[in-house]
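Side chains included, hydrogens not; waters and symmetry mates left out as well; all remaining heavy atoms used.
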Amino acid sequence: MAPEHLDVLVIGAGLSGIGAAATLRARRPGTTLAVLEARERLGGTWDLFRYPGVRSDSDMATYGYGFRPWRDGTTLADGAAILRYLADTAREHGVEGAIRYGHRVVRASWSSERARWTVQAERTGPGVAPGTTVTLTCRFLHACTGYFRYEHGYAPDLPGADAFRGRLVHPQLWPEDLDLTGRRVVVIGSGATAVTLVPALAREAAHVTMLQRSPSWVASLPSRDPVADRLRRALPPRAAAAAVRWKSALLTAASYRAARVAPRAVGRVLLRRLAAQLPAGFDVATHFTPSYAPWDQRLCVVPDGDLFAALREGRAGVVTDRIETLTANGVRLASGRELAADVVVTATGLELLALGGMALSVDGQDVDLARTVAWRGMMLSGVPDFAFTFGYTHASWTLRVDLVSAAVCRLLDRLDAPGCAVVTPGPAPAAGLAPLIALRSGYVARGIAALPQQGPAQPWRVQQSHLNDRRVLRSARLTDGLRFTPAPAASPARAPQEAR
């Protein structure tokens with residue numbers, strides 16, 4: 001039997017995939033669609049991460065979809081609430097029935113002769129025999145896999161780990177049976193996961209120590225936004241949601257811009273606010289003053305200063321030092337000090353994994369992602385009829401999910417026109433290339449070499465600007481840098497027509 005053929009295959013049923021599929025359902029109701037999800041549940045990151053306190057680190061006014069605003073007044077939501085929101089969105093927008101669980105895509109191969117993708121997926125789940133595979137074909141492939149490896153996080157080798165008599169835990173694989181009552185906990189790390197875990201664990205444990213090699217920039221965010229609450233009271237629901245979303249997006253953009261233009265001034269403001277929330281005499285210079293400028297790495301936010309409250313109340317502490325070795329009873333530091341611990345949590349970060357690990361090929365030639373250049377941060381040079389969703393690193397991921405999803409629909413509309421059956425980005429620039437992610441975070445440094453690159457100027461430059469992307473991706477300029485070609489059988493001799 002011939003493989004099942006669909007117009008569009010979306011890879012991944014997390015935040016990006018649900019948003020992409022819902023937008024397709026709304027804008028192109030006649031398009032045949034399936035969403036292939038490797039896991040047995042939707043939600044992506046929000047289904048995977050189950051560690052205590054897991055929550056968003058972007059405000060929910062912008063983290064919610066533009067087509068289905070977040071109605072709860074909370075600024076930062078917990079993981080369970082976000083997962084419910086995603087499930088409700090999938091059900092209400094006709095996506096739920098399109099998701100095929102237990103389909104891990106391992107390879108996608110493009111044929112110019114047939115103008116279609118052939119996608120191979122490994123089947124997993126209850127009742128599925130090991131090694132079972134399925135093959136599908138599609139006209140357009142949209143990867144919504146994020147860029148983290150789901151199987152495991154980054155776990156550096158810790159000297160003496162075998163000697164430690166307590167429990168060693170990574171947040172990405174949090175055990176359901178872990179009881180911290182009366183336990184001494186050391187959390188290794190200083191990023192978003194660590195600052196989330198410490199106050200959450202401190203509610204149960206005897207004491208929690210955040211052990212960091214170097215500090216990160218941390219800021220407090222109120223759990224409710226008083227300006228947003230006033231807008232919701234004053235305006236009809238739809239207008240209020242749009243106003244709150246724009247207010248949050250513009251404020252984030254302005255804050256990031258200020259940090260780029262005047263990093264020392266922004267740093268002083270952040271440190272002054274920190275000092276006001278920490279215990280008297282706390283060593284802010286050692287424990288909360290990073291060696292890099294604000295937004296060189298992603299800013300860590302804490303709701304209502306819960307981390308600082310735990311420090312003030314003595315339920316938690318911060319130690320800045322290097323690990324020499326784990327011992328039977330804790331962690332010995334380079335300074336000679338030993339931290340007693342019953343549980344050590346390695347909040348040491350994540351690993352990057354492009355396209356969920358699937359391999360791409362075009363006409364029999366494997367695609368080396370590191371040698372491709374990203375067109376408008378959503379397509380790959382030389383790869384036809386393919387898009388990927390890559391959110392913002394300096395703002396809410398979802399702001400870009402909405403724009404890319406709508407842009408894919410616009411491209412599909414264009415592909416319905418005569419002589420425009422296939423779209424391919426290129427030729428891409430060969431000089432002035434730069435990493436796709438402009439962050440100095442550890443997880444980026446470890447995995448950036450395997451990701452696509454970006455060019456020196458539009459449409460190959462990723463500007464991390466929602467306002468700019470909104471203007472470009474919704475305008476006629478969307479197709480700059482793209483080549484449209486007719487279907488092979490219709491006009492095989494015609495030369496590609498450059499998009500105007």
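A search for side-chain hydrogen bond (donor to acceptor under 3.5 Å, both in side chains) contacts involving R167 returns D177, not counting sequence neighbours. Not counting sequence neighbours, R470 has no partner by the side-chain hydrogen bond (donor to acceptor under 3.5 Å, both in side chains) test. Residues passing the ring pair (Phe, Tyr, Trp, His ring centres under 6.0 Å) test with F388, sequence neighbours excluded: none. Scored by the ring pair (Phe, Tyr, Trp, His ring centres under 6.0 Å) test, F140 finds no partners at all (sequence neighbours excluded). For D7, the side-chain hydrogen bond (donor to acceptor under 3.5 Å, both in side chains) partners at least two apart in sequence or on another chain are T32. Applying the salt bridge (charged side-chain N to carboxylate O under 4.0 Å, His left out) rule to R71 yields no partners; only residues at least two apart in sequence or on another chain are considered. In terms of the side-chain hydrogen bond (donor to acceptor under 3.5 Å, both in side chains) criterion, T193 has no residue partners (sequence neighbours excluded). Residues that satisfy the salt bridge (charged side-chain N to carboxylate O under 4.0 Å, His left out) test with R91, not counting sequence neighbours, are D88. Taking H93 as the reference, F67 meet the ring pair (Phe, Tyr, Trp, His ring centres under 6.0 Å) condition, with sequence neighbours excluded.
Within the structure, salt bridge (charged side-chain N to carboxylate O under 4.0 Å, His left out) contacts touching residues 21-42 (residues at least two apart or in different chains) are R28-D413, R28-D416, R39-D47, R41-D47. For the salt bridge (charged side-chain N to carboxylate O under 4.0 Å, His left out) condition, the pairs that include at least one residue of residues 354-371, sequence neighbours left out, are R107-D366.
Scanning both residues, W375 and L478, for their nearest heavy atoms gives CZ2-O, 2.6 Å.
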Show which side-chain atoms of residues 240-249 pair as donor or acceptor with protein atoms under 3.5 Å away, not counting sequence neighbours.
| residue | atom | partner | partner atom | Å |
| --- | --- | --- | --- | --- |
| R245 | NH1 | A61 | O | 3.3 |
| R245 | NH1 | G64 | O | 2.6 |
| R245 | NH2 | D402 | OD2 | 2.8 |
| K247 | NZ | D225 | OD2 | 2.1 |
| S248 | OG | D59 | OD2 | 3.3 |
| S248 | OG | V244 | O | 3.1 |

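With 3.5 Å as the limit, one finds a donor-acceptor pair spanning the side chains of R376 and Q458.
Counting only heavy atoms from C-beta outward, the side chains of S405 and M378 never approach each other to under 4.5 Å. When side chains are defined from C-beta on, E4 counts as touching L6, because their heavy atoms get closer than 4.5 Å.
No close placement of the W397 and Y392 rings is indicated, their centers lying 6.0 Å or farther apart.
Partner of N468 under the side-chain hydrogen bond (donor to acceptor under 3.5 Å, both in side chains) criterion, out of Q464, H466, R471: R471 alone.
A salt bridge links D57 with R298: the distance from a Lys NZ or Arg NE/NH1/NH2 to an Asp or Glu carboxylate oxygen falls below 4.0 Å.
Within the model, atoms OG1 of T424 and CH2 of W110 stand 7.0 Å from one another, a figure rounded to the nearest 0.5 Å.
Within 6.0 Å of CG on D179 lie more than 12 heavy atoms contributed by other residues, nucleotides or ligands.
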